[in-house]
Amino acid sequence: MVTGAAKFLLSAGADHAALCLSSAQSNAFLSSSSPSSSASLQPNRLQFVVVNVSSNFPNPRSLRLCSAAMSSSLSEVKSSSIPFLDRKETDILHFVKYHGLGNDFILVDNRDSTVPKITSEQAVKLCDRNFGIGADGVIFALPGINGTDYTMRIFNSDGSEPEMCGNGIRCLARFISELENSQGKQSYTIHTGAGLIIPEIQEDGQVRVDMGEPILKAPDVPTRLVPNKDQSVVKSKLDVDGVSWSATCVSMGNPHCVVFGTDLSENLEVDELNLGEIGPKFEHHFMFPARTNTEFVQVFSPTHLKMRVWERGAGATLACGTGACAVVVAAVLEGRAGRACRVDLPGGPLQIEWREENNHVYMTGPAEVVFYGSVPL
Ligand SMILES: N[C@@H](CCC[C@H](N)C(=O)O)C(=O)O
């Protein structure tokens, strides 16, 4: 369990893992670990163990982490008299970290208040991958409004508040089912900044989400690009630093600019792009008054696409659910793909379908717990 926990902490993105152990656990751990582990052994006492993964001596930041706690399974944290998800200490935030294809979020049980438990400034600190927990955003499960089961609010890692998050809402569905102690197939009505969204947990644990209708009218996306097809912007020229990109603009409640090519190459090789350089230029482009998420897409076949994303307020992420939905809508509008596609993202694939009968987009994909934790605020 102990070495497993250490490996887990390290895979969660840490340079060192700090574990609070019983003396028996410490001894077992030390005898199985590398010589670069250090611990102060005292009989019958809890031990603080620091695991060095680099050759550097642990810095003060590692030591501070001993005031926080984390665990990889609910049963471990539930062994306390108060179940983990029910703990309510002031100045301590209990959270569960989830990911959807590597797009990772800090989930907060906010069912007792309509005001998020932390501010956007605190969210920025918690999302920091070196000085905080590390995440692409913080998601709150709040009481439902307008007859819905729950409300979802989210802060991006830069503290801005988007209207919707596709991978996030799959994680939220799994989080709610855990809070409610439900098993098997479950469906929830969720109020979001993009309206009503309905995630449904499948028997196999995947989450299928009715993402609602895409918004295509240019001023509603919003984009200042001139509409060229039924008030929408399809395959329009967008100049970014002297390169002429072909852009299709789609909102899934939040804005997306989808590009498949440039004037020079009709089809992108997405692995060759320097996202860190071009992504911010799209995000802050004058043509996108609310900034934008941007998807760079390669077409393998009419049912198989590959994308990389630069997210508004979060940068390059491993996956974007609303982005994958926008990509399939844009591919259909540009005549590049059919209405049901597999979309490969750096963190794995999503299945997306844009149904003709009701104009709704459906997304199916995974959502997994990373760890349970508590941080002082
Ligand atoms: N990763 C998300 C989208 C999160 C919001 C986005 N950064 C925005 O500002 O619109 C997803 O999976 O949809």
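Counting convention: from 1, in listed order, for ligands and their atoms alike.
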Review point. Mind checking whether M307 and V309 have side chains closer than 4.5 Å, heavy atoms only?
Key: yes
Review point. When clusters are formed from ILVMFWY side-chain contacts under 4.5 Å, directly or step by step, what else is grouped with I145?
Key: none
Do any nitrogen or oxygen atoms of ligand 1 lie under 3.5 Å from a protein nitrogen or oxygen, and which ones?
unit_1   : atom_1 : unit_2 : atom_2 : d
ligand 1 : 1 (N)  : N103   : OD1    : 2.7
ligand 1 : 1 (N)  : E311   : OE1    : 3.0
ligand 1 : 1 (N)  : E311   : OE2    : 2.7
ligand 1 : 7 (N)  : N156   : OD1    : 3.1
ligand 1 : 7 (N)  : N293   : OD1    : 3.4
ligand 1 : 7 (N)  : E311   : OE1    : 2.8
ligand 1 : 7 (N)  : R312   : O      : 2.8
ligand 1 : 9 (O)  : N156   : ND2    : 3.0
ligand 1 : 9 (O)  : R312   : O      : 3.3
ligand 1 : 9 (O)  : R312   : NE     : 2.8
ligand 1 : 9 (O)  : R312   : NH2    : 3.4
ligand 1 : 10 (O) : N254   : ND2    : 2.9
ligand 1 : 10 (O) : N293   : ND2    : 2.9
ligand 1 : 10 (O) : R312   : NE     : 3.4
ligand 1 : 10 (O) : R312   : NH2    : 3.0
ligand 1 : 12 (O) : N103   : OD1    : 3.4
ligand 1 : 12 (O) : G166   : N      : 3.4
ligand 1 : 12 (O) : N167   : N      : 2.9
ligand 1 : 12 (O) : N167   : ND2    : 3.2
ligand 1 : 12 (O) : G321   : N      : 2.6
ligand 1 : 13 (O) : G166   : N      : 2.7
ligand 1 : 13 (O) : G321   : N      : 3.4
ligand 1 : 13 (O) : T322   : N      : 2.9
ligand 1 : 13 (O) : T322   : OG1    : 2.6

**Study point:** Any side-chain heavy-atom pair of F282 and F296 under 4.5 Å
**Key:** yes
Distance-only donor-acceptor pairs under 3.5 Å for side chains of residues 318-325, two or more places apart:
unit_1 : atom_1 : unit_2 : atom_2 : d
T322   : OG1    : N254   : ND2    : 3.2
T322   : OG1    : H256   : NE2    : 3.1

Review point. At their closest point, which heavy atom of A173 faces which heavy atom of V207, and how far apart are they?
Key: CB-CG1, 4.2 Å
Review point. Who pairs with Y98 by ring-ring contact (aromatic ring centres under 6.0 Å, His included), at least two apart in sequence or on another chain?
Key: none
